[in-house]
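Just so we're clear, the structure is a prediction, and the values are computed from it rather than from any experiment. To find a chain, count down the sequence lines: A is the first, B the second, and so on, and within it residues start at 1. The analysis underlying the following values was restricted to heavy atoms, covering all of them including side chains, and did not include hydrogens, waters or symmetry mates.
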There are 2 protein chains.
Amino acid sequence: MPAQTSQNVLRADARQNRERILTAAREAYALHGIDVPMATIARRAGVGVATLYRRFPTRAALVSESFAEQLAHCVAALYEGLEDPDPWRGFCSVIEQVCLMQATERGFTQAFLAQFPEHTEYAEERTRAEQALARLVGRAKASGQLRQDFDVNDIILVVLANCGATTGAGEEAAAASRRLVAYLLQSFRAGPAAGPGPLPSPVQLDLDRIHGR
Amino acid sequence: MPAQTSQNVLRADARQNRERILTAAREAYALHGIDVPMATIARRAGVGVATLYRRFPTRAALVSESFAEQLAHCVAALYEGLEDPDPWRGFCSVIEQVCLMQATERGFTQAFLAQFPEHTEYAEERTRAEQALARLVGRAKASGQLRQDFDVNDIILVVLANCGATTGAGEEAAAASRRLVAYLLQSFRAGPAAGPGPLPSPVQLDLDRIHGR
DNA sequence: GGCTAAATGGAGAGTGCCATCCGTTTACCC
DNA sequence: GGGTAAACGGATGGCACTCTCCATTTAGCC
């Protein structure tokens, strides 16, 4: 974590405005997606555009900050999953939670993808997360519950696929995500021992809405 | 098919320009994605913007026309799959071909999604395709090779998921698609009889590139 | 209460794209 | 070869968004 001295020196009104901007951004993202104009967020927050830009010099910075909490949740889920006594359950829980977050929080995926590669500042945390992921996978394989030819990169594959499936609105997206993840996890499971389990209910996806998004 | 009298009456130079525009559009889409400015396509085709707009009044019209061939291929694949003596093989082949098309032809997915809902003109073909899809699924279920709780909407789910997974460049996208589809098809297979088959090789996905796309 | 640096917000310059208008050019028919 | 309608393309107005400048306000300290 870098020295954030300026954060504490922030004047009271400035700090309050900063919070209002973040709140407004989260609301706006949820409503209109990540591409909402900066001016809209500023108006919603009841501040001028300049104030927004002074606090968050780039759009990416604002996005990152806005979803920091959700990202932290994902990271936490990762380490918790790693400590689950049942490696397979831990593995599933991580994937499920990350995917659900993607489905629930609109724009989160972009934040997720934008966050890490950005600054060297995060490089350390990133490698740590990657190692944890590798361990999660290794553990599940070692226990014989995850198929041997599973690759760590397949997790990225799941995340991206889930991102595509959740290009839609609210509850529908969550349902689509649940079903997709259920299908995939079943494939990841090793051995023919596990027959097809029950699935979450199917989803009627409205292509028109997705196209118009 | 509607009366397209104007098509044949098109003057020679106009017809040639029309083709050049379509070629330029396909190239531009492949290179820069679907959001490339109309002016860029016009320049590439060596025509004025006005000419482009005269031929293709809306962006959607241009996109649709540009990918008409690929779309026809998909439709053909559907009807061929339906006539495969092995229902399961037919089912798989349809999904595989559509997904491969998505992975190979950048922008195709948007064209695919944009095409049908648009005009009433296509409504008929659309319903016909949907019925064919339903039959494809029904047949595969009846043969006992497709799990009973599979839903027709799951095909849309696959298409969308695949769309997400292929948000990348060229060969990488195709590899990701193959692997995802292999995983999914395995889940769709009924009964514990079929153990995990071999998978296409894993893919290292470059998140930076995807984010910057 | 008054001073000062921090913070503010609106106006506006700059950019990129869409879509149309209209004077000029060109293919086609006779 | 000449007439005519079709086709052309650059210029242009309009719009939406980004990002900065600067005159004004305000919090915090004495």
Start at the 5' end of DNA chain C and walk down; is the nucleotide closest to B/A39 or to B/A12 reached first? B/A39

[atom1] of [X] versus [atom2] of [N]: gap in Å, rounded?
{"X": "B/L10", "N": "C/dA27", "atom1": "CG", "atom2": "P", "result": "14 Å"}
{"X": "B/R18", "N": "D/dA6", "atom1": "CZ", "atom2": "C1'", "result": "16 Å"}
{"X": "B/L52", "N": "D/dA7", "atom1": "CG", "atom2": "C1'", "result": "14 Å"}
{"X": "A/D13", "N": "D/dT24", "atom1": "CG", "atom2": "P", "result": "20 Å"}
{"X": "A/F56", "N": "D/dC19", "atom1": "CZ", "atom2": "P", "result": "15 Å"}
{"X": "A/R15", "N": "C/dA6", "atom1": "CZ", "atom2": "P", "result": "16 Å"}
{"X": "B/Q16", "N": "D/dC8", "atom1": "CD", "atom2": "P", "result": "10 Å"}
{"X": "A/M38", "N": "C/dG14", "atom1": "CE", "atom2": "P", "result": "21 Å"}

Sorted by position of nearest nucleotide on DNA chain D, 5' first, the leading residue of A/A50 and A/P37 is A/P37

Could you tell me whether the phosphate oxygens of C/dT8, OP1 or OP2, come under 4.0 Å of any side-chain nitrogen or oxygen in A/R54? yes

Nearest listed nucleotide, side chain of [X], among [options]:
{"X": "B/R11", "options": "C/dT8, C/dC18, D/dA5", "result": "D/dA5"}
{"X": "B/Y53", "options": "C/dG9, D/dA7, C/dA19", "result": "C/dA19"}
{"X": "B/N17", "options": "D/dG9, D/dC8, D/dG28", "result": "D/dC8"}
{"X": "A/T51", "options": "D/dC8, C/dG9, C/dA7", "result": "C/dG9"}

Aromatic ring pairing B/Y29/B/F67, orientation class (parallel under 30°, perpendicular over 60°, tilted between): parallel

Please work out whether the ring planes of B/F91 and B/W88 are parallel, tilted or perpendicular, with thresholds of 30° and 60°. parallel

What I want to check is whether the side chains of B/S177 and B/N162 have a donor and an acceptor closer together than 3.5 Å. yes

For B/Q186 and A/S187, which I'm curious about, is there any donor-acceptor pair between the side chains at under 3.5 Å? no

Give one of base, sugar-phosphate or nothing for B/R55, where a contact means two heavy atoms less than 4.0 Å apart. sugar-phosphate

Is it true that A/R18 and A/E65 make a salt bridge, defined as a side-chain N closer than 4.0 Å to a carboxylate O? yes

